[in-house]
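Remarks on the structure that follows.
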Amino acid sequence: MATFQTLPGFREFYPEDLARRNHVFRSWRQTASRFGFSEYDAPVLEPLELYKAKSGDEIEGQLFSFTDKGGREVALRPEMTPTVCRLVGARANALKRPIKWFSIAEFFRYERMQKGRGRCFYQFNADIFGEPGCEAEIELIALLVQCLCAFGLTEQDFYVRLSDRNLWFYYLESLGLDEPRVRAMLSAVDRHEKYGDAAFEPYIKEFGPLDETVKSRVLGFLGVKSLAALEQVLASQPDSRLAARLADWRRVLEALDAMGLAGYVEVDLGVVRGLAYYTGFVFEAFDRKGDLRALAGGGRYDDLVQKLGGPALPAVGFAIGDMTFSLLLEQRGLMPKYIDAPDVYCVIGGANERRAAYREIHALRAAGFRVDYPLRETAFGKQFKAAAESGAKLALIFGSDEVARGAAKIRDLTQRTETEVPREQVVAHVRDFFSAG
RNA sequence: GCGGCCAUAGCUCAGUUGGUUAGAGCACAAGAUUGUGGAUCUUGGGGUCGCGGGUUCAAGUCCCGUUGGCCGCCCCA
């Protein structure tokens with residue numbers, strides 16, 4: 001038994017685990033790149049103040065924070081948003097618009113562990129800066145959906161719930177609530193799904209009994225699950241700001257429908273996300289079966305860049321966490337078995353054949369193929385077994401007969417067929433095999 | 001920060017009212033096997049029974065503490 005343990009909530013990645021992680025990251029990276037997003041990275045350790053400025057002093061309890069040897073208060077990053085706001089804010093005037101950035105990075109939160117949540121985790125973050133129009137939301141929601149679909153997940157597996165804090169704000173103001181009451185009410189709306197009417201208790205405690213008309217209006221609004229229902233509720237509420245928001249909603253939903261993504265997106269005003277800094281559309285992705293925590297979440301945060309010391313710059317972003325997402329892939333059987341499989345596994349007779357095989361092994365590797373072979377002399381039966389277990393598509397056989405003829409056999413391990421080719425043609429044959437798919 | 005359950009081999013677990021030298025399957029390794037597939041058989045390596053203390057003639061087993069894990073609450077950027 002090892003004397004030292006990993007710190008609670010931290011993870012170690014043995015090769016198989018890292019292969020799975022890399023598989024996920026590779027796909028996210030490729031998808032983001034196809035959507036025209038550029039990758040960035042930044043320090044893991046940041047001034048504690050960066051997070052306090054965004055989230056308030058209470059946040060410190062959830063951080064890995066300490067004082068460094070220079071007396072600086074620092075924290076391991078618990079999220080990317082403040083960091084990316086600083087990066088963008090610092091060069092806002094020099095960056096080409098639109099600013100479409102993404103990152104894949106590790107984060108740390110001092111929290112109790114639970115299913116799908118640890119003290120360290122990775123997130124894919126994607127953000128668009130400088131675009132006030134809802135085309136930014138369209139682009140990001142499409143990216144979010146494709147980041148999940150790229151693994152074979154479908155609309156049977158997950159969906160994105162779309163809501164709008166602006167709409168809520170305007171609606172509650174039209175009901176006569178002032179800003180402190182609106183904020184308290186949004187908090188109640190956020191908790192209503194879980195606690196029912198008990199979610200209003202904090203509001204009642206702070207502001208007194210809840211007007212029944214207001215309550216029924218809020219419950220009605222909270223139950224809106226479609227554009228048609230939204231239009232109907234707002235029809236009785238003439239307000240120019242609400243009408244403008246409704247036009248944005250139509251644009252977003254029409255665009256996503258045009259992309260063929262309508263089946264992934266559901267209007268759901270019951271989602272508001274607790275975070276006070278969101279200023280417009282907010283969205284969260286969930287497992288359809290619903291036994292996992294949220295897969296991803298995001299929204300518009302138009303004031304945050306300025307609040308963190310940058311220029312006024314509208315922004316929208318979302319993040320996907322690796323833990324819940326990997327759980328979902330495993331549950332759906334979508335995590336491939338062979339990720340690090342070689343293309344070619346060599347079967348080698350004896351010392352003489354090994355000397356001959358080295359040339360082709362290296363030539364294939366130099367040509368870009370993943371090639372493996374046994375380091376020690378091993379019985380043929382075992383080598384074929386090892387070849388099959390490795391997940392290789394081809395076995396390259398160097399027996400004494402073949403080597404004597406200046407040839408090698410290429411065995412298709414799936415079809416169980418073999419062809420003998422002159423050794424100088426091995427690379428070309430392997431290339432043909434893989435380019436033919 | 002709070003509550004419930006749990007801890008025996010790399011993994012999944014068995015282990016009798018407390019009783020001799022702690023077991024199985026899987027995995028790993030060697031052989032059967034000197035040229036063709038995830039098989040079979042044989043054999044092998046692997047354990048401070050999480051850690052510390054207590055009760056006892058005797059503790060993997062009972063008690064206390066501690067550390068870690070799972071699940072839930074709070075929180076979830």
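Convention: sequence-line order gives letters A, B, ...; per-chain numbering from 1. All values reported here derive from a predicted model rather than from experimental measurement.
Residues A/K382 and A/L413 each lie close to RNA chain B; by heavy-atom proximity, the contact nearer the 5' end of the strand is made by A/K382. Comparing A/P8 and A/P78 by the nucleotide of RNA chain B that holds the closest heavy atom to each, the one mapping nearer the 5' end is A/P8.
Remark: A/R77 fails to qualify as a cation-pi partner of A/Y51 under the 6.0 Å distance and 45° angle criteria applied to the six-membered ring. Taking the ring axis of A/F13 as reference, the NZ or CZ atom of A/R21 stays within 45° of it and closer than 6.0 Å to the ring centre. Note that A/R161 lies outside the cation-pi zone of A/F283, set by a 6.0 Å cut-off to the ring centre and a 45° limit from the axis.
Nucleic acid contact class of A/G399 (heavy atoms, under 4.0 Å, all strands): base. Residue contacts for A/G299: at a heavy-atom cut-off of 4.0 Å it reaches no nucleic acid atom on any strand shown. A/Q123 comes within 4.0 angstrom of nothing in the nucleic acid, heavy atoms only. The residue A/K54 sits close only to the backbone: its heavy atoms come under 4.0 Å of sugar-phosphate atoms, none of a base. Residue A/Q383 is out of contact with every strand shown, counting any heavy-atom pair closer than 4.0 Å.
If you check distances only, the side chain of A/E418 does reach the base of B/U36 with a donor-acceptor pair under 3.5 Å. With hydrogens and angles left out, the side chain of A/E402 and the base of B/G35 share a donor-acceptor pair within 3.5 Å. Under 3.5 Å, the side chain of A/Y345 and the base of B/G38 form no donor-acceptor pair of N or O atoms. Counting distance only, with no hydrogens placed and no angle test, the side-chain atoms of A/R416 and the base atoms of B/U36 include no donor-acceptor pair under 3.5 Å. In this model, a side-chain donor or acceptor of A/R411 finds a partner on the base of B/G37 within 3.5 Å.
The P atoms of B/C5 and B/A24 are separated by 32 Å, rounded to the nearest whole Å. B/G45 sits 26 Å from B/G38 when the P atoms are compared, rounded to a whole Å. Separation of the P atoms belonging to B/G25 and B/C64 is 36 Å when rounded to the nearest angstrom. Taking atom P in both B/G50 and B/C13, the straight-line distance is 15 Å, to the nearest Å. Across the C1' atoms, B/G46 and B/G4 are found 35 Å apart, a figure rounded to whole Å. Between the P atoms of B/G10 and B/G47, the separation comes to 7 Å (whole Å). For the C1' atoms, the distance linking B/U66 with B/A77 amounts to 34 Å, nearest Å. Using atom P as the reference point in both B/C62 and B/C2, the two lie 26 Å apart (nearest Å).
Proximity of A/R191 to the phosphate of B/C75: a side-chain N or O atom is located under 4.0 Å from OP1 or OP2. Side-chain nitrogen and oxygen atoms of A/K385 include at least one within less than 4.0 Å of the OP1 or OP2 phosphate oxygen of B/A39.
Of the residues in residues 98-120 of chain A, those with a non-hydrogen atom less than 4.0 angstrom from any atom of RNA chain B are A/R109, A/E111, A/R112, A/M113, A/Q114, A/K115, A/R117.
Under 4.0 Å is where a charged nitrogen must lie from a carboxylate oxygen, and between A/E360 and A/R423 at least one such pair does.
In this structure, of B/A29, B/A77, B/G35, it is B/G35 that holds the atom nearest to the side chain of A/K409. Here the side chain of A/F384 is nearest to one of B/G38, B/G37, B/C76, namely B/G37. Side-chain atoms of A/K337 lie closest to B/G38 of the nucleotides B/G38, B/U36, B/C73.
Ring centers of A/F281 and A/Y301: at least 6.0 Å apart, outside the cut-off. Within the 6.0 Å centre-distance limit, the rings of A/F325 and A/F151 are counted as a close aromatic pair. In this structure, the ring of A/Y159 has its center no less than 6.0 angstrom from the ring center of A/Y264. A/Y122 has its ring centre no less than 6.0 Å from the ring centre of A/F107. No close placement of the A/F158 and A/F286 rings is indicated, their centers lying 6.0 Å or farther apart.
In RNA chain B, the stems built from three or more successive Watson-Crick or G-U pairs (distances below 3.5 Å) are B:1-7 with B:67-73, B:10-13 with B:23-26, B:28-32 with B:40-44, B:50-54 with B:62-66.
The aromatic rings of A/F25 and A/W28 lie parallel to each other, their planes meeting at an angle below 30°, with 60° marking the opposite boundary.
For A/K393, the NZ atom sits in a loose shell: 12 or fewer heavy atoms of surrounding residues, nucleotides or ligands are nearer than 6.0 Å.
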